S.K.: 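Structure incoming, see below.
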Amino acid sequence: MIDIRLLRDDPAALRANCRRRGCTVDVEALYALDQDYLRLVREVEDLRAERNRLSKLCRDNPDARDRVRDLKTILADKERQQDEVRSAVEQQLAWLPNLLAEDVPEGTTDADNLPLRFWGERPAFDFEPRDHQALGERLGIIDTARGAKVAQAGFYYWTGKGAELAQALFFWAQKQLVARGFTAFMTPCLAKERTLFGTGYLPFFADQTYRLEGEDLALIGTSEQTLVGYHADETLAAETLPLRFTAFTPCFRTEAGSYGREARGIFRVHQFHKVEQIVFCLPEDSPRCHDECQGNEEFLLQQLGIPYRVVCVCVGDMGAPGYKKYDIEAWFAGYGGYREVTSNTNLTDFQARRLGVRFRDVEGRKGFVHTISATAVTDRVVCAILETCQQQDGTVIVPEVLRPYAGFDRIEPPTA
RNA sequence: GGAGGGGUGGCUGAGUGGUCUAAGGCAGCGGUCUUGAAAACCGCCGCAGGGGCAACCCUGCCGUGGGUUCAAAUCCCACCCCCUCCGCCA
């Protein structure tokens with residue numbers, strides 16, 4: 001949520017931001033509506049003040065009682081108007097995107113994202129590398145057919161050493177984050193609408209959400225929702241910031257409208273698994289914390305030996321809540337290109353304002369915290385490991401750092 | 001799922017229709033005293049919104065939402081949450 005004072009003080013700047021981000025809210029009309037609202041607030045409050053004043057005389061003054069009774073009718077009407085206008089303003093306000101960092105590149109799709117740096121040597125194979133789907137089938141560790149049988153197309157199983165490798169990766173990654181000051185969480189995997197709204201997933205990504213019929217609950221699309229929501233309606237002591245949280249959860253997305261896109265393999269699915277990084281910090285610290293999370297993401301991939309590039313996500317490819325976003329695209333040898341494996345967003349106070357996450361320091365300074373939401377690793381990283389670490393004979397060598405967690409150093413095709 | 005009890009400021013806890021402008025206590029902040037600290041004493045001590053250059057003024061908030069009333073923390077209804085016991089259960 002944008003600070004409504006921005007609308008009141010500088011609607012032109014707000015309109016420019018909306019135009020740049022492709023937001024269709026009519027800022028001029030919203031400004032006028034908000035002015036109506038402010039006028040109604042003053043009228044209602046004046047009427048209430050009058051009512052309260054008269055009310056004190058009522059005990060021994062029957063005339064005052066009659067006058068207050070009349071006032072009530074007028075007041076009720078004004079209050080109704082005020083409610084209507086307020087909810088109309090709020091509804092449109094909820095659709096306004098966050099401001100943008102100055103260095104966010106222009107552009108409309110992921111093709112316009114700005115590459116910032118490359119890391120690692122792409123593996124040089126003297127054979128035709130397989131993609132993760134081919135490897136997964138050959139090694140018997142990814143089962144999409146049974147995922148579709150049991151659940152639906154877009155669900156899958158990790159089996160055998162695939163499941164063990166995935167679990168090793170997630171456990172290892174979380175250990176690395178804990179060593180870097182993060183607190184580990186296991187969170188609910190369902191959340192109520194307010195939490196999804198507060199984290200900016202509603203209304204913007206409503207069609208991505210699995211809702212439970214008859215309940216105010218939906219499957220989480222990411223633990224960002226439950227981790228940021230954790231401190232909703234709380235005031236955090238500035239000296240405890242930044243708070244660094246990590247969780248490992250499944251993530252559920254309907255992927256409505258993306259059928260057929262990236263359909264091969266398990267790159268785009270209805271359920272995946274993610275170790276997340278969340279930071280709550282003071283406003284002035286969010287660029288630094290954003291970079292810190294970026295450093296963590298890159299550290300993990302470097303330890304795994306996966307080549308990647310970092311891109312600064314362009315205006316058109318960034319969600320409305322984001323202020324600035326980096327993606328990491330890992331090299332997928334079998335696919336033959338860079339593909340997104342993590343993303344890291346500075347949301348500034350967009351979520352904190354919606355959820356009421358405030359800070360207060362010892363001097364009495366108050367405000368909304370900033371939040372950073374960053375991936376650590378997901379199943380996609382397991383896929384990148386498969387494609388990067390494959391051998392000519394179809395086996396996959398487990399990255400060294402995962403071996404103590406996996407308990408084996410290679411995955412081989414079944415012999416039988 | 002059944003029965004009962006309860007939700008009041010950072011915490012504790014009084015308050016059953018009208019100076020509630022929410023008592024008292026604890027914690028916190030400032031001060032007096034002290035070499036320093038403690039104790040004692042004095043004062044301050046919620047959040048949000050609106051108006052004003054400002055001092056300040058107004059409005060709302062006692063789990064949430066409705067209702068009754070000139071007037072609700074207090075009465076009525078619904079819902080949410082917590083606790084205790086019983087049942088079921090990974």
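Just so it is clear, the model here is predicted, and its values are computed rather than measured. Quick note on labels: first sequence line is chain A, next is B, and so on, each numbered from 1.
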S.K.: How close or far is atom P of B:C29 from atom CZ of A:Arg360, stated in whole angstroms?
M.R.: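 In whole Å, B:C29 P and A:Arg360 CZ are 13 Å from each other.
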S.K.: How close or far is atom C1' of B:G17 from atom CZ of A:Arg65, stated in whole angstroms?
M.R.: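 For the pair A:Arg65 CZ and B:G17 C1', the rounded distance is 13 Å.
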S.K.: Would the base of B:G49 count as contacting A:Glu45 through its side chain, where contact means a donor and an acceptor less than 3.5 Å apart?
M.R.: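 Such a pair is found, so the answer is yes.
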S.K.: Give A:Arg358 one of three labels, base, sugar-phosphate or nothing, depending on what nucleic acid heavy atoms sit under 4.0 Å from its own.
M.R.: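 Result for A:Arg358 = sugar-phosphate.
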S.K.: Measure from the side-chain heavy atoms of A:Ala49 and tell me the nearest of B:C58, B:G50, B:A48.
M.R.: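 For the A:Ala49 side chain, the nearest candidate turns out to be B:C58.
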S.K.: If you measure from the C1' atom in B:C53 to the same atom in B:A48, how many Å do you get, rounded?
M.R.: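 Result for the C1' pair: 23 Å, nearest Å.
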S.K.: Should the ring pair A:Tyr308 and A:Trp119 be called parallel, tilted or perpendicular, given that the plane angle runs from 0 to 90° and is split at 30 and 60?
M.R.: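 Parallel, since the angle between the ring planes stays under 30°.
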S.K.: Just call it for A:Arg86: base, sugar-phosphate, or nothing, with non-hydrogen atoms closer than 4.0 Å on any strand.
M.R.: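 Contact class for A:Arg86: none.
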S.K.: For B:C47 and B:U8, measure between their C1' atoms and round to the nearest Å.
M.R.: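 About 15 Å, rounded to a whole number of Å.
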S.K.: Measure the distance from CG on A:Asp83 to C1' on B:G49 and round it to the nearest whole Å.
M.R.: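 Rounding to the nearest Å, CG of A:Asp83 and C1' of B:G49 are 14 Å apart.
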S.K.: Distance check, C1' atoms only: B:C20 and B:C77, in whole angstrom units.
M.R.: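 About 25 Å, rounded to a whole number of Å.
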S.K.: Please report, rounded to the nearest Å, how far the P atom of B:G49 is from the CD atom of A:Gln35.
M.R.: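 Those two atoms, CD and P, are 17 Å apart.
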S.K.: If you look at every strand shown and take non-hydrogen atoms under 4.0 Å, does A:Arg67 touch a base, only sugar-phosphate, or nothing?
M.R.: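 Nothing, no heavy atom under 4.0 Å.
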S.K.: Charged N to carboxylate O under 4.0 angstrom, A:Asp9 versus A:Arg5?
M.R.: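 Between A:Arg5 and A:Asp9 there is no salt bridge, as every charged N stays at least 4.0 Å from the carboxylate O atoms.
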S.K.: Compare side-chain N and O positions of A:Arg42 against OP1 and OP2 of B:G50 and report whether any pair is under 4.0 Å apart.
M.R.: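 No, because none of the side-chain N or O atoms of A:Arg42 sits under 4.0 Å from OP1 or OP2 of B:G50.
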S.K.: Determine the Euclidean distance between corresponding C1' atoms of B:G15 and B:G67; express it in Å to zero decimal places.
M.R.: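 Taking atom C1' in both B:G67 and B:G15, they lie 23 Å apart.
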S.K.: Please determine, for the side chain of A:Lys366, which listed nucleotide (B:U59, B:C70, B:A48) has the closest atom?
M.R.: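 The closest nucleotide is B:A48.
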S.K.: CG of A:Asp233 versus P of B:C81: gap in Å, rounded?
M.R.: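 Spelled out: CG on A:Asp233 to P on B:C81 is 16 Å.
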S.K.: Using side chain to side chain contact (heavy atoms under 4.5 Å, CB included) as the criterion, point out the one residue from A:Ile397, A:Leu135, A:Leu139 that pairs with A:Ile411.
M.R.: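 When side chain to side chain contact (heavy atoms under 4.5 Å, CB included) is applied between A:Ile411 and each of A:Ile397, A:Leu135, A:Leu139, only A:Leu139 qualifies.
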S.K.: Answer with base, sugar-phosphate or nothing: what part of the nucleic acid does A:Leu57 contact at a heavy-atom distance below 4.0 Å?
M.R.: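 Answer is nothing: A:Leu57 stays at 4.0 Å or more from every strand.
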S.K.: Can you tell me if A:Arg264 has over 12 outside heavy atoms packed within less than 6.0 Å of its CZ?
M.R.: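 Counting other residues, nucleotides and ligands, CZ of A:Arg264 exceeds 12 neighbours.
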S.K.: Determine the Euclidean distance between corresponding P atoms of B:G9 and B:A3; express it in Å to zero decimal places.
M.R.: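 After rounding to an integer number of Å, I get 30 Å for this pair.
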S.K.: What distance, rounded to whole Å, do you find between the two P atoms, one in B:C29 and one in B:C45?
M.R.: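 Straight-line distance between the two P atoms is 16 Å.
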S.K.: Could you tell me how far apart A:Asp46 (CG) and B:G60 (P) are, to the nearest whole angstrom?
M.R.: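 A:Asp46 atom CG is separated from B:G60 atom P by 12 Å.
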S.K.: What integer number of Å spans the P atoms of B:U16 and B:C75?
M.R.: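 Those two atoms are separated by 9 Å.
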S.K.: Let's test this: given Watson-Crick or G-U wobble pairing with both distances under 3.5 Å, identify the partner of B:C75.
M.R.: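 Across any shown strand, B:C75 pairs with B:G67.
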S.K.: Nearest whole Å is fine: how far is B:U59 C1' from A:Leu40 CG?
M.R.: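 Those two atoms, CG and C1', are 14 Å apart.
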S.K.: Any side-chain N or O of A:Asn52 below 4.0 angstrom from OP1/OP2 of B:G60?
M.R.: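 So the side chain of A:Asn52 is within the cut-off, an N or O lying under 4.0 Å from OP1 or OP2 of B:G60.
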S.K.: Check the orientation of A:Phe155 and A:His270. Use parallel for under 30°, tilted for 30 to 60°, and perpendicular for over 60°.
M.R.: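 It falls in the tilted class, 30° to 60°.
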S.K.: Taking 4.0 Å as the cut-off, does a side-chain nitrogen or oxygen of A:Arg48 come that near to OP1 or OP2 on B:C61?
M.R.: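 Looking at the OP1 and OP2 atoms of B:C61, neither is under 4.0 Å from any side-chain N or O of A:Arg48.
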S.K.: A:Lys72 NZ to B:A71 C1': how many Å, rounded?
M.R.: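 Result: 9 Å.
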S.K.: Taking only side-chain nitrogens and oxygens of A:Arg69, does any of them come within less than 4.0 Å of OP1 or OP2 of B:C70?
M.R.: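 So the side chain of A:Arg69 is within the cut-off, an N or O lying under 4.0 Å from OP1 or OP2 of B:C70.
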S.K.: Would you say that more than 12 heavy atoms from the other residues, nucleotides or ligands in this model lie under 6.0 Å from the CD of A:Gln302, or not?
M.R.: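 Above 12, so yes.
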S.K.: Looking only at the aromatic ring of each residue, does the gap between the centers of A:Phe248 and A:Phe185 stay below 6.0 angstrom?
M.R.: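 No, the ring centres sit 6.0 Å or more apart.
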S.K.: Expressed as a whole number of Å, how far does the P atom of B:G25 sit from that of B:A40?
M.R.: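 B:G25 and B:A40 have their P atoms separated by 12 Å.
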S.K.: If you compare every side-chain N and O of A:Arg8 against the phosphate oxygens of B:G50 (OP1, OP2), does one of them come in below 4.0 Å?
M.R.: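 A:Arg8 to B:G50 OP1/OP2: side-chain N or O found under 4.0 Å.
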S.K.: So which one's nearest nucleotide on RNA chain B is more toward 5', A:Arg51 or A:Ile4?
M.R.: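 Nearer the 5' end of the strand: A:Ile4.
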